[in-house]
Amino acid sequence: MSMVATTFSTDTPNLVTDIVRTNGVSGNWVWWAFLLTGLLTVFIYARLWRKSNVNTDLEFYELRYGGAPARFLRGFRAIYLGVIFNVITMSAVTLAAIKVGGIMLGLEPWQTVISAGLITVIFSAVGGFKGVVYTDFVLFFVAMVGAIGAAYYLVNLPEVGGLESLFAHEEVQSKLSILPDFDDTGSWVPLLVIPLAVQWWSSWYPGAEPGGGGYIAQRMLSAKNEKHAIAATFFFNIMHYAVRPWPWILVALASLVVFPDLESIQQAFPIVSDDKLGHDLAYSAMLTKLPAGLMGLVMASLVAAYMSTISTQLNWGSSYIVYDFYKQRVKPNASEKQLVLVGRLSTVGLMVISALLALALQNALQLFEVLLVFGAGTGLIFILRWFWWRINAWSEITAMFVSGILSLVFKLTSVGDYLFNDQTGLMPSWAEYIMVVTVTTVAWLLVTYITPAEKKSVLFDFYRKTKPGGPGWKKVVQQSREEGVDVGETGGWSVPSGILAMLVGSIMIYSCLFAVGYWIYGEWTLAIILTFVACLSGGGLLFLWKKIKQIVV
């Protein structure tokens, strides 16, 4: 529940609203595709993370790699993810809070930042990880009740007229399709093909990291045992993809009737400055139509969503700074009291920096796209490093720097417009992502073969502890036998069955997601077929899971 609550934030309905109003319901494939990553974590990586027995996922670096490069990578990633990526993510959440506060409460941006941020940062600094997890459990239910209640009321507004009138409206009809228009290459390639063919495995994104990681790994590592870690992660993916999106989608569609364009939003809310005007504002604008009691509940749900995400991000980022940077690089002999103090100071610092960045941003989709491109090309390493002995610390360092530099060049200079512009560039805009992935992948593969492999002792120790198995470790296992080193034998390799389970699980969850949509749309035949497919694939998944558990790894 804590995983689900963390990925449901104040900016999530804003992002979905922005996507639906801009690209239709099918535009959500840009994040629906990450289900594949999530289920890969469930059926393959969750047990590996539990076996690693590390305190944070960055501690993994000194387990998998060795020497100075591993220490540098752990420390640098602590700042790279714990500060840079974390601050960007929190600023998107805070930006959403600014917009909600501005439209629903008439607050100035700085008033929202101080009031919301101050409460959350005190709670996070005092409560710690256990406090975050337990309160997330309660906050999730508050947030979902508010989202569903708002959707029900807003769809039945007199100007919207209920579901039937909503779906018949000319502004809405072109946005309803769950799949993009296959006659328009500029639509279905970036909205469906790239997310499903490339994005899900190649990009590092918070909450959907290839190979697991981030606060998802933090939750798995804190679970009671391997079985609990796997079950919790699977439950999270069901809730995240199959249950939550439709209330937000319905409000987004209804907003097209009430506020068909940005001008109508600006006329209704002149207090909103031009630099904060965007389609993501439509969600907050719709919430002002709620009656007093329900509006109070929805405001409470948005506060809950904000607190659950920000508290997790602060705790996660602070743990990186404390355990993976300060304790490793600054003061290895630090006392527990000193570590707690550094953790609290870093929590406050992260909140302040993210709040300042939020004041400079405009919309949620803008940040989402930056994050996707910024981590493009690194995902394949996070997937393969468990199963291919040849990957070393320099592989990850190269991928991280090449991807980041390319992204900055394309986003912050005229090079991106020159190369990737649908009207004037050499290539369409969707080719930017593929270019970053391709160049980054080629670069880290070259560096992998140019630089020396990790020491045998490091590889032996890693294999002995995690037992990943598979052909990628065959050479290492053979070397251990020749040298008389016991690394532990695997009774079988569960990855092929895990990949099959991932595919069947994806069919099940996608079928649930789209069945709910078609039940709402009133398309009974498709809804019944997809419901049947969901039940059938669920049965197949149970069979596969029993088979996976029988394989000794």
Side-chain angles (χ1 to χ4, degrees), residues 8-15 17-18 86-127 132 135 139 142-143 146-147 150 251 255 259 262 265-315 317 344-367:
F8 175 6
S9 182
T10 318
D11 67 319
T12 316
N14 289 23
L15 172 64
T17 300
D18 200 340
N86 202 20
V87 162
I88 292 174
T89 303
M90 289 194 297
S91 64
V93 178
T94 304
L95 173 64
I98 289 172
K99 295 192 174 189
V100 170
I103 284 187
M104 297 186 69
L105 302 175
L107 297 176
E108 293 292 331
W110 66 267
Q111 293 175 311
T112 301
V113 166
I114 291 177
S115 57
L118 189 61
I119 294 170
T120 308
V121 78
I122 292 173
F123 160 73
S124 302
V126 174
V132 168
T135 50
L139 293 174
V142 178
V251 174
S255 74
F259 303 103
L262 292 180
I265 298 176
Q266 192 168 40
Q267 289 174 6
F269 304 97
I271 190 175
V272 177
S273 59
D274 291 340
D275 67 321
K276 293 292 184 285
L277 186 65
H279 284 290
D280 55 342
L281 271 175
Y283 189 82
S284 302
M286 290 296 291
L287 296 184
T288 62
K289 303 286 185 180
L290 297 174
L294 185 56
M295 183 182 288
L297 176 62
V298 171
M299 279 301 299
S301 76
L302 292 175
V303 172
Y306 176 84
M307 287 185 66
S308 65
T309 298
I310 292 295
S311 61
T312 289
Q313 296 290 149
L314 289 173
N315 184 272
R344 288 175 175 171
L345 290 175
S346 60
T347 297
V348 175
L350 289 171
M351 188 70 241
V352 171
I353 298 170
S354 65
L356 293 174
L357 179 58
L359 293 172
L361 295 172
Q362 183 172 4
N363 66 69
L365 187 58
Q366 170 190 22
L367 263 181

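No experiment lies behind these values; they were computed from the predicted model shown. Every heavy atom of this structure was used, including side-chain atoms; hydrogens, water molecules and symmetry mates were not.
Residue Y283 holds its OH atom at 12.5 Å from CG of L15, rounded to the nearest 0.5 Å. The structure places CD1 of I98 at 11.5 Å from OG of S284, a figure rounded to the nearest 0.5 Å. Atom CG in L357 sits 10.0 Å away from atom CE in M90 (nearest 0.5 Å). Note that CG of L314 is 13.5 Å distant from CZ of R344, once rounded to the nearest 0.5 Å. Within the model, atoms OG1 of T17 and NE2 of H279 stand 11.5 Å from one another, a figure rounded to the nearest 0.5 Å.
Proximity of L105 to Q111: side-chain heavy atoms (C-beta onward) are nowhere separated by under 4.5 Å. Between L281 and F259 the shortest side-chain heavy-atom distance does not fall below 4.5 Å. Between V100 and M299 the shortest side-chain heavy-atom distance falls below 4.5 Å.
Across all their heavy atoms, L290 and M295 have their closest contact at O-CE, 3.5 Å. In terms of heavy-atom proximity, A150 sits nearest to V298 at CB-CG2, 3.8 Å. The minimum heavy-atom distance between S91 and S354, with the atom names listed, is CB-O, 3.4 Å. Minimum heavy-atom separation, T94 to A355: CG2-CA, 4.4 Å. Nearest heavy atom pair, residue A96 against residue N14, reads CB-ND2, 3.6 Å. Considering all non-hydrogen atoms of both residues, N86 and G317 come closest at ND2-CA, 3.3 Å.
Looking at residues two or more places apart in sequence or on another chain, you find a side chain to side chain contact (heavy atoms under 4.5 Å, CB included) between I353 and V87. In terms of the side chain to side chain contact (heavy atoms under 4.5 Å, CB included) criterion, residue partners of I114 (sequence neighbours excluded) are, by chain and number, W110.
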Walk me through it: do L287 and L302 pass the test side-chain contact (heavy atoms from CB on, under 4.5 Å)?
CA-CA 11 Å; L287 296 184; L302 292 175; 3.6 Å; yes
Go through the steps for M351 and I310 under the test side-chain contact (heavy atoms from CB on, under 4.5 Å), then give the verdict.
CA-CA 8 Å; M351 188 70 241; I310 292 295; 3.8 Å; yes
Going through the checks in order, is the side-chain contact (heavy atoms from CB on, under 4.5 Å) test met by L350 and Q313?
CA-CA 9 Å; L350 289 171; Q313 296 290 149; over 6 Å; no
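Applying the salt bridge (Lys or Arg N to Asp or Glu O under 4.0 Å) definition to pairs two or more places apart or across chains, those involving residues 288-311 are E159-K289.
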